[in-house]
Amino acid sequence: MNGHTDILAIETSCDETAVAVVRDGREVLSNIIYTQIKLHTVYGGVVPEIASRKHIEKINYVVQKALDEAGSSLDEIDAVAVTYGPGLVGALLVGVAEAKAIAWAAQKPLIGVNHIEGHICANYIEHPSLKPPYLGLVVSGGHTHLIIVKDYAEFEILGRTVDDAAGEAFDKVARAIGLGYPGGPKIDAAAKEGDPGAIAFPKAKVNGSAYDFSFSGLKSAVLNYLNHARMVGEKPRMEDVAASFQKAVVDVLCEHTVLAAKERQISEIALAGGVSANSALREGMRRAAGEAGCRLFVPSPVYCTDNAAMIGVAAYYEYQKGVRSGWDLNAVPGLRLGER
Ligand code: KG4
Ligand code: ZN
């Protein structure tokens, strides 16, 4: 409406109520995140019912704040985007209903966005030179995908987790060693005081697939190690357990990614998702990519974990391709990457 394409984007798939205004797919005019982490901490994880209720309470306030901070009004917005999956169904429904109501009232197009695609697109915000094709590693609380981004909104999945997601492993191990929720950042911090070589946890391989991941065996290995130590009356340093566990995860993620880069002859790698905020992963991948002659792109931590700016970016490329959602857009909790 002003020579630019401004998209109002809404993200409520888990425990952040987030709204952003994004210009031309790359410039973030506002990025408001109301995080519910404190509310869920007492329960040791996200409680879906609480997440949905909090979203419905906060969403209008967060939308208004995002518009105000962008210096924008609904008149000036070109489209309304919303995450419609994957995620918690009750949480997604709040964002979807909100986006529909706004798009209907303001007579704007509605664009449903895949959350995983959003995570990948977070890289475009701060890296103007990044363009497909490139290799992407998405590591979040719910997903672990190694993919080739063939074009904007076009993906080839090379590997995925066959059991727990990387972030889920961080969260479960953090609970086991008494660090609590949210596990990823707590393990990241504790590991800084620990020795990553203290305990040799196994690096799981998945039979028949060089690119798939498995983290549940690693989680069990940590639990077994802790139980054994308790039985023989030893008290392991939790910082060492955290650092050794983290190293096992980071090594596997780096090895598979670099192998794919070599085999598929791709020289640009982008990380995405909450676990890509992990300092050891960022450092390890930088080293591994450098040794393989690849260029690494990583979003700032605020764009690694859930936010709506990434949804606005993904929506822009879908919008450019002519994608529009109908008024029957529904939440799809199990939505896969590349599916509509
Ligand atoms: O992308 P995200 O915010 O939500 C999902 O789409 O799942 O990812 C959340 C996950 C959680 O499992 C959290 O523990 C993990 O990302 N995480 C981290 C770090 N920060 C967040 N894991 C390791 N190190 C971190 N610094
Ligand atoms: Zn996410």
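Worth knowing before you read on, the calculation uses all heavy atoms, side chains too, and leaves out hydrogens, waters and symmetry mates. Atoms within each ligand, like the ligands themselves, are counted from 1 in listed order.
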Report summary line: Any heavy atom of Pro185 under 4.0 Å from ligand 1? The part involved is both
Report summary line: Closest non-hydrogen atoms of Thr257 and Met285, given as atom of the first, atom of the second and distance, are OG1-CE, 3.6 Å
Query raised in the report: Hey, is the main chain of Ala243 close enough, under 3.5 Å, to the side chain of Asp195 for a donor-acceptor pair?
Result: no
Query raised in the report: Any idea which part of His119 is under 4.0 Å from ligand 1, heavy-atom wise: side chain, backbone, both or neither?
Result: side chain
Query raised in the report: Under 30°, 30 to 60°, or over 60°: which ring-plane class applies to Phe215 and Phe213, parallel, tilted or perpendicular?
Result: parallel
**Report entry** Any donor-acceptor N/O pair, Arg237 side chain to Glu193 backbone, under 3.5 Å
**Finding:** yes
Query raised in the report: What atoms of ligand 1 come within less than 4.0 Å of a heavy atom belonging to Gly167?
Result: 12 (O)
Query raised in the report: Considering only the protein, which heavy-atom contact is closest to atom 3 (O) of ligand 1, and what is its distance?
Result: Asp306 N, 3.0 Å
Query raised in the report: Is Arg175 paired with Asp171 through a side-chain N to carboxylate O contact shorter than 4.0 Å?
Result: no
Just distance, no hydrogens or angles: give the donor-acceptor pairs under 3.5 Å from side chains in residues 91-103, sequence neighbours left out.
| from | atom 1 | to | atom 2 | distance (Å) |
| --- | --- | --- | --- | --- |
| Lys100 | NZ | Trp327 | O | 2.9 |
| Lys100 | NZ | Leu329 | O | 2.6 |

**Report entry** Proximity flag Cys14 to ligand 1, non-hydrogen atoms under 4.0 Å
**Finding:** no
Requested in this report: Give the atoms of ligand 1, by number and element, whose distance to some non-hydrogen atom of Gly142 is under 4.0 Å.
Outcome: 7 (O)
Query - Steps toward ring pair (Phe, Tyr, Trp, His ring centres under 6.0 Å) verdict (Tyr61, Tyr34) - result: CA-CA 10 Å; Tyr61 163 78; Tyr34 168 79; 7.9 Å; no
Query raised in the report: Just which atoms of ligand 1 are under 4.0 Å from any heavy atom in Ala277?
Result: 26 (N)
Report task. Decide if the gap between the ring center of Phe245 and the ring center of Phe170 is smaller than 6.0 angstrom. Result -> yes
Query raised in the report: Looking only at atom types and distance, does a side-chain atom of Ser30 sit under 3.5 Å from a main-chain N or O of Ala66, one as donor and one as acceptor?
Result: yes
Query raised in the report: What atoms of ligand 1 come within less than 4.0 Å of a heavy atom belonging to Gly141?
Result: 5 (C), 7 (O), 8 (O), 9 (C), 10 (C), 12 (O)
Requested in this report: Would you check if Lys58 and Gln36 make a side-chain contact, meaning some heavy-atom pair closer than 4.5 Å?
Outcome: no
Report summary line: min-distance protein heavy atom vs atom 26 (N) of ligand 1 -> Asp188 OD2, 2.9 Å
Report task. Please write down residue, atom name and distance for the protein heavy atom closest to atom 24 (N) of ligand 1. Result -> Asn278 ND2, 3.0 Å
Report task. Measure from the side-chain N and O atoms of Asp212 to the backbone N and O of Thr161, and report whether any donor-acceptor pair falls under 3.5 Å. Result -> no
Query raised in the report: Taking non-hydrogen atoms only, is His115 closer than 4.0 angstrom to ligand 1 via side chain, backbone, both or neither?
Result: side chain
Report task. Count up the protein N, O or S atoms sitting under 2.8 Å from the Zn ion (ligand 2), would you? Result -> 3
Query raised in the report: Taking the six-membered ring for Trp, are Phe297 and Tyr134 ring centroids under 6.0 Å apart?
Result: no
Report summary line: Of all protein heavy atoms, the one nearest atom 13 (C) of ligand 1 is Asp171 OD1, 3.8 Å
Report summary line: Heavy-atom proximity to atom 22 (N) of ligand 1, picking from Gly87, Gly184, Ser276, points to Gly184
Query raised in the report: Using the benzene-type ring in the case of Trp, are the ring centres of Tyr124 and Tyr316 under 6.0 Å apart?
Result: no
Report summary line: shortest atom 21 (C) of ligand 1-to-protein heavy-atom contact is with Gly274 O, 3.4 Å
